[in-house]
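FYI, the numbering just counts along the sequence from 1. Worth knowing before you read on, the calculation uses all heavy atoms, side chains too, and leaves out hydrogens, waters and symmetry mates.
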Amino acid sequence: MTTHGPTSSASGSAPACGCPDYDEARLALSRRAFLGGTVLAGGAIALGSGLTGSGPQAYAVAGRTAAGLASTTGSVLVLLSLRGAADGLSLVVPHGDPAYYAARPRIGVPRTALLAPDAMFGLHPALAPLLPMWNAGTLAAVHATGMASPNRSHFAAMEAIEDAAPGSTARNGWLNRLLGELPRASPLQGTAMGNQVPTSLFGTNPAFVVGRVDQAEVAGADDDGRRLRALQHAWKGRSPMGRAVRDAIAGAETFGAARDLPAGSPATAYPGSQLGKALSDVSRIVRSGVGAEVITVDQGDWDMHTDLGTLEWGEMKRNAGDLASSIAAFFADLGPAADRVTLVTLSEFGRRVKENDDYGTDHGFGNVMFVAGAGVRGGRYLGSWPGLTDALDADLLVTTDYRSVLTEVVTRRFGVSVGQVFPGFAPQAVGVMA
């Protein structure tokens, strides 16, 4: 049997997991970003040309003209997607279930190392930066969450969980439907950090995509504004492309307020990872008051078929530490604005109960969700625990539909109708939000 131990790379990113489905999902998302000028469902346009950076670093996805900025003092939802299917059984360990240690004799996290343990659960020690939030009651974990039925294809599961309307043929993500329920939509009201529109933001309501805040400006714009006026004149028509171009220009100009704010101070201690940089930018966006109310962020490399590892080495230790350090720095950096921001983590599915021969785990079903920040009834492990089975094909079963967690967030923080955001869905009570 192959001997496993610590792995590293010069870039600091996780090695390829060797999962063809995940690689194809990432490739498909990259193709979506590359095809920035393609007309999307509902008449939406993704536009990349004419803005700074390589590739579509900043572009608008618009189905109707912006009517003005959203509230600068209202609630903000940050959706943090853990791409690749995070192992919730490692992040929040069910130490009170004897099948956990029987199924994971090498990668199981010892109970003595767990943080904030109760009779059943405890946090992975790499999540230590989040312990102050847990103790302060602003961080909660909801276990055994997921979709109603298993879907072990990364790409199909990402699409389904972000569309969140089973049976519908409309390409209209749940966050885009949420935007449709909020007043005074603008290109910045829904913002995606990265270089592509996640499925959750696809739809007829405007969204804005930006790689980095400092890059969100129109390329070649001169001081006297002649280039901007020329672009606006050239795209003054009522076509979807014209509206998207104008929204992209307006959004890039509005981001000036965020560009003017400095990045997080040394005291906030953001890690130098992609997630740390992205959340630092999200903090600038929120604090600048440019009107963003829904913001998406990704963290990748959670598909740990190999080298998930132990407490001493492995990708779980690295990725969980990055997640915790980035979130903790983000809320510290927000300052008083933290009272407006609720962050939710979501992954396309969980992992099998039993470890494999390569110090990893394979595609599973149920998972854990973290909810942090404003309005959270934290310091608690929530959800109904179904129990584990030590068998080769055993899954953590889903007892809480992930939409029930999201329903509490959007209805309590935004006062919207659950029927509009999650059509046909009858949520169960979770108790994660005040």
Minimum heavy-atom separation for W302 and A86, please, with both atom names. CE3-CB, 3.5 Å

Looking only at side chains, do H95 and R111 share a donor and an acceptor under 3.5 Å apart? yes

Scan the side chains in residues 132-140 for donor-acceptor partners under 3.5 Å anywhere in the protein, sequence neighbours excluded, and list what turns up.
from	atom 1	to	atom 2	distance (Å)
N135	ND2	L131	O	3.4
T138	OG1	M133	O	3.2

Grab the two heavy atoms, one from P129 and one from S325, that are nearest each other, plus how far apart they are. CG-OG, 3.6 Å

Reported OG-to-CD1 distance for the pair S200 and I161, which is rounded to 0.5 angstrom: 10.5 Å

Would you please indicate yes or no on a ring centroid separation below 6.0 angstrom for Y381 and H143? no

W174 and D163 side chains, donor-acceptor separation under 3.5 Å: no

List the residues meeting side-chain hydrogen bond (donor to acceptor under 3.5 Å, both in side chains) with S273, not counting sequence neighbours, and say none if there are none. D322

Between CD of Q428 and CD of E408, what distance do you get to the nearest 0.5 Å? 9.5 Å

Show your working on salt bridge (Lys or Arg N to Asp or Glu O under 4.0 Å) between R152 and D395 and close with a plain yes or no. CA-CA 11 Å; R152 304 187 209 283; D395 277 323; 2.8 Å; yes

Audit row: V286, L334, side chain to side chain contact (heavy atoms under 4.5 Å, CB included) steps and yes/no: CA-CA 8 Å; V286 173; L334 285 171; 4.0 Å; yes

Does a side-chain N-to-carboxylate-O contact under 4.0 Å join R83 and D301? no

Does a side-chain heavy-atom distance below 4.5 Å link L343 with I327? yes

Any side-chain to backbone donor/acceptor pair from R377 onto G431? Under 3.5 Å, distance only. yes

Can you name the closest pair of heavy atoms from D303 and C19 and give their distance? OD2-CB, 2.9 Å

Beyond-backbone contact of L80 with V344, side-chain heavy atoms, under 4.5 angstrom: no

Spell out, as yes or no, whether a donor-acceptor pair under 3.5 Å connects the side chain of T306 to the backbone of D358. no

Tell me if a side-chain donor or acceptor on N367 pairs with a main-chain N or O of G146 at a distance below 3.5 Å. no

What residues form a side-chain contact (heavy atoms from CB on, under 4.5 Å) with A157, not counting sequence neighbours? M147, N151, E348, F349

ring-ring contact (aromatic ring centres under 6.0 Å, His included) involving H124 - partner list, sequence neighbours excluded: none

Under a 4.5 Å cut-off applied to non-hydrogen side-chain atoms, are T145 and V368 in contact? no

Minimum-distance pair of heavy atoms, taken over all atoms of R352 and R104: O-NH2, 2.9 Å

dist L323:CG -> T345:OG1 (nearest 0.5 Å) comes out at 7.0 Å

According to ring-ring contact (aromatic ring centres under 6.0 Å, His included), who are the partners of F365, at least two apart in sequence or on a separate chain? none

May I ask you to decide if W385's main-chain N or O and T399's side chain share a donor-acceptor pair within less than 3.5 Å? no

Identified side-chain contact (heavy atoms from CB on, under 4.5 Å) counterpart of D87 within the set M316, M304, E315, E355: M316

Do the side chains of V297 and L79 get nearer than 4.5 Å, heavy atoms only? no

Looking only at side-chain N and O atoms, does D362 offer a donor or acceptor that is under 3.5 Å from a partner on H305? yes

How long is the straight-line distance from CG of L89 back to CG of L396, given to the nearest 0.5 Å? 5.5 Å

Side-chain touch V197/F202, heavy atoms, less than 4.5 angstrom: yes

For L77, does its backbone N or O pair with a side-chain atom of R413 as donor and acceptor, under 3.5 Å? no

If the threshold is 4.0 Å, N to carboxylate O, is there a salt bridge linking K317 and D307? no

Less than 4.0 Å between a side-chain N and a carboxylate O, is that true for R318 and E312? no

When every non-hydrogen atom of S384 is compared with those of T400, the smallest separation belongs to N-OG1, 4.3 Å

Apply ring-ring contact (aromatic ring centres under 6.0 Å, His included) to F414 and list each qualifying residue two or more places apart in sequence or on a separate chain. none

Under the side chain to side chain contact (heavy atoms under 4.5 Å, CB included) criterion, do R287 and D333 qualify, and how do the steps go? CA-CA 9 Å; R287 289 184 289 114; D333 191 22; 3.7 Å; yes

Give a yes or no on whether a salt bridge exists between R284 and D214, defined as a side-chain N under 4.0 angstrom from a carboxylate O. yes

Do P125 and V109 have side chains that approach each other closer than 4.5 Å (heavy atoms only, starting at C-beta)? yes

I need the I107 CD1 to R351 CZ distance, nearest 0.5 Å. 9.5 Å

Side chain to side chain contact (heavy atoms under 4.5 Å, CB included) assessment of V92 paired with L123: CA-CA 5 Å; V92 176; L123 302 175; 3.9 Å; yes

I want to check something: taking the side chain as every heavy atom from C-beta on, are Q196 and V209 in contact at a cut-off of under 4.5 Å? no

If I take atom CG from residue L308 and atom OG from residue S90, how far apart are they, to the nearest 0.5 angstrom? 4.5 Å

Note, T191 side chain near V294 side chain (heavy atom, < 4.5 Å): no

Test item: R177 side-chain N/O and N172 main-chain N/O as donor-acceptor pair under 3.5 Å: yes

Just by modelled atom types, is the A165 backbone N or O under 3.5 Å from a matching donor or acceptor in the S168 side chain? no

Heavy-atom donor-acceptor pair, Y270 side chain to A278 backbone, under 3.5 Å: no

When you measure from the side chain of S417 to the backbone of G419, do you find a donor-acceptor pair of N or O atoms at a distance under 3.5 Å? yes

Backbone N or O of R403 within a donor-acceptor pair of the T407 side chain at under 3.5 Å? yes

Please find the pair of heavy atoms, one from V421 and one from L178, that lie closest to each other, and give the distance. CG2-CA, 4.1 Å

I'd like to know whether V409 forms a side chain to side chain contact (heavy atoms under 4.5 Å, CB included) with V371, so could you lay out the CA-CA distance, the side-chain angles of the two residues, the decisive distance to 0.1 Å, and finally the verdict. CA-CA 9 Å; V409 175; V371 187; 4.2 Å; yes

